Trainee: 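For reference, the structure I am asking about is given below.
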There are 2 protein chains.
Amino acid sequence: MFSKACKYAINAMIYIASLPKGNQRAGLKDIATAINSPEAFTAKILQSLVKDDLLNSVKGPHGGFAICGNPSEIYLAQLVESIDGNILLTGCALGLKKCSEDHPCPVHYKFKAIREHLAGMLLTTSLSDVADRVNTGISFLKH
Amino acid sequence: MFSKACKYAINAMIYIASLPKGNQRAGLKDIATAINSPEAFTAKILQSLVKDDLLNSVKGPHGGFAICGNPSEIYLAQLVESIDGNILLTGCALGLKKCSEDHPCPVHYKFKAIREHLAGMLLTTSLSDVADRVNTGISFLKH
DNA sequence: TTAATAAAAGATAATTAAGTCTTAAATAAA
DNA sequence: TTTATTTAAGACTTAATTATCTTTTATTAA
Ligand code: SF4
Ligand code: SF4
């Protein structure tokens with residue numbers, strides 16, 4: 001569904017978003033440990049999220065990464081878009097080049113519903129929606 | 001969503017399934033041309049489908065590949081399973097190792113619905129369902 | 001101002017996926 | 001039985017993704 005890089009990105013963002021108030025900046029090591037990801041690769045992904053203004057970073061002692069803006073206004077779709085590009089639009093069953101609504105491939109009408117389902121979910125699920133579930137103990141992030 | 005190999009497999013199977021009665025065996029070249037795929041790579045994929053009893057093959061002049069069994073009893077899920085493995089079960093949003101229904105990650109409840117939607121569709125859409133749409137001109141396979 | 005800390009940047013390496021090429025085996029028709 | 005045809009099998013190449021390593025830059029605190 002998503003690349004590993006994208007999964008790490010989602011994991012990392014959820015972890016940072018679920019940090020307690022007053023301590024909302026996390027270092028690379030903490031993040032990689034928390035989400036069980038390779039540290040150096042995670043660094044690359046976080047850098048990329050910083051470039052896309054989804055995270056901000058501070059160097060030096062007590063530095064680290066923090067969510068850029070309000071987690072309730074950051075949607076999963078933005079993370080996926082940032083790392084994997086718009087697979088919501090491009091990811092399809094047959095991958096024909098010259099297809100369209102009025103010249104669809106035979107599985108288009110079947111897959112369209114699923115893609116819209118997925119897109120709708122990603123576009124409406126915010127980081128705070130998910131982070132809250134971790135903080136209230138409904139869901140878990142640890143491996 | 002799916003690997004390229006899997007997309008080629010689905011394309012190829014639909015093409016073969018939509019051949020007119022009496023001429024239901026297609027050669028590699030025809031198939032690769034019809035679905036616009038690299039010939040040698042397609043050969044590998046077809047070989048793999050033959051091993052999984054989704055196609056049967058005949059060597060020599062007038063040989064080629066034909067659907068093994070009744071297209072109305074072959075479901076897209078079988079093709080996907082054959083090439084990509086059970087991503088229906090494994091493909092998930094965060095990819096945690098130690099998660100379960102009663103220890104779910106924060107996006108599980110969101111993704112579960114989509115995965116079930118996709119699985120349901122693949123499990124209930126047969127090759128003849130799709131091939132018929134090509135033959136009746138409702139849908140198109142050409143690039 | 002120096003030392004320690006932590007991210008940024010870029011090079012490099014490993015792994016997997018995608019694709020090609022060559023030779024062998026099977027089949028059909030001449 | 002010979003030749004042409006076509007798939008099978010396996011080695012090989014290329015490209016993309018995943019992952020690591022090294023050096024540089026920014027920041028903090030002693
Ligand atoms: S018609 Fe739809 S499902 Fe088919 S190839 Fe085009 S976008 Fe993909
Ligand atoms: S809880 Fe569900 S969505 Fe989350 S990692 Fe496990 S299977 Fe995937």
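Basis for what follows: all heavy atoms, side chains included, without hydrogens, waters or symmetry-related copies. This is a predicted model, so every value here is computed, not measured. Naming convention: chains lettered A, B, ... in sequence-line order (proteins, then strands); numbering from 1 in each chain.
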Trainee: Quick one: on DNA chain C, does A:G63 or A:K51 contact a more 5' nucleotide (nearest heavy atom)?
Mentor: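 By nearest-heavy-atom nucleotide position, the 5'-most residue is A:G63.
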Trainee: Need one value for B:K44: base, sugar-phosphate or nothing, where a base atom within 4.0 Å counts as base even if backbone is also close, heavy atoms only.
Mentor: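 Since a base atom lies under 4.0 Å of B:K44, the category is base.
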Trainee: Are there any protein N/O atoms within less than 3.5 Å of an N/O atom in nucleotides 27-30 of chain D, and if so, which ones and at what distance?
Mentor:
none

Trainee: Which of these passes side chain to side chain contact (heavy atoms under 4.5 Å, CB included) with B:N11: B:T42, B:I35, B:I16, B:I45?
Mentor: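 By the side chain to side chain contact (heavy atoms under 4.5 Å, CB included) criterion, B:N11 pairs with just one of B:T42, B:I35, B:I16, B:I45: B:I35.
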Trainee: How do A:V50 and B:Y8 order along DNA chain C: which one's closest nucleotide is nearer the 5' end?
Mentor: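 It is A:V50, whose closest nucleotide lies nearer the 5' terminus.
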Trainee: In whole angstrom, what separates A:I45's CD1 from D:dA19's C1'?
Mentor: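 Answer to the nearest Å: 10 Å.
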Trainee: So, is A:K4 near the phosphate of D:dA19, with a side-chain N or O under 4.0 Å from OP1 or OP2?
Mentor: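 Yes, because at least one side-chain N or O of A:K4 sits under 4.0 Å from OP1 or OP2 of D:dA19.
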Trainee: Taking the six-membered ring for Trp, are B:F111 and A:F2 ring centroids under 6.0 Å apart?
Mentor: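 Ring centres of A:F2 and B:F111 closer than 6.0 Å.
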Trainee: Quick check for you: among D:dT20, C:dA9, C:dA7, whose closest atom lies nearest to any side-chain atom of A:S57?
Mentor: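 So the nucleotide nearest the side chain must be C:dA7.
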Trainee: Partners of A:S3 by side chain to side chain donor-acceptor pair (under 3.5 Å), sequence neighbours excluded?
Mentor: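 Scan of A:S3 (side chain to side chain donor-acceptor pair (under 3.5 Å), adjacent residues dropped) gives A:D84.
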Trainee: Rounded to the nearest angstrom, tell me the gap between atom CD in B:Q47 and atom C1' in C:dG19.
Mentor: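 About 14 Å, once rounded to whole Å.
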Trainee: Taking the six-membered ring of A:Y109, is the NZ or CZ of B:R133 close enough (under 6.0 Å from the centre) and on axis enough (within 45°)?
Mentor: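 The answer is yes; both the distance and angle limits are met.
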Trainee: Given atom CZ of A:F41 and atom P of C:dA7, what is their separation to the nearest angstrom?
Mentor: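 One finds 17 Å between P of C:dA7 and CZ of A:F41, rounded.
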Trainee: Could you state the atom-to-atom distance from CG of B:D52 to C1' of D:dA8 in whole Å?
Mentor: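 Checked: the CG to C1' distance equals 15 Å.
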Trainee: May I ask you to say what B:L28 touches in the nucleic acid, namely base, sugar-phosphate or nothing, with a heavy-atom cut-off under 4.0 Å?
Mentor: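 B:L28: backbone/sugar contact only, no base atoms under 4.0 Å.
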Trainee: In whole Å, what is the span from the CZ atom of A:F65 to the P atom of C:dT5?
Mentor: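 Interatomic distance, CZ of A:F65 to P of C:dT5: 18 Å.
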Trainee: Report the residues that fulfil side chain to side chain donor-acceptor pair (under 3.5 Å) with A:S18, sequence neighbours left out, ordered by chain and then residue number.
Mentor: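 With sequence neighbours excluded, A:S18 shows a side chain to side chain donor-acceptor pair (under 3.5 Å) to no residue whatsoever.
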Trainee: In whole Å, I'd like the distance from the CD1 atom of B:I83 to the P atom of C:dT16.
Mentor: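 It works out to 19 Å between those atoms.
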Trainee: For A:E39 and C:dA6, give me the distance from atom CD to atom C1', rounded to whole Å.
Mentor: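 Distance, rounded to whole Å: 11 Å.
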Trainee: Which heavy atom in A:Q78 sits nearest to a heavy atom in A:E73, and how many Å separate them?
Mentor: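 Taking every non-hydrogen atom into account, OE1-O, 3.4 Å.
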Trainee: May I have the distance from A:D30 (atom CG) to C:dA7 (atom P), rounded to whole angstrom?
Mentor: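 Interatomic distance, CG of A:D30 to P of C:dA7: 9 Å.
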Trainee: So which atom in A:Y75 and which in A:L123 form the shortest heavy-atom distance, rounded to 0.1 Å?
Mentor: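 It is CD2-O, 3.3 Å.
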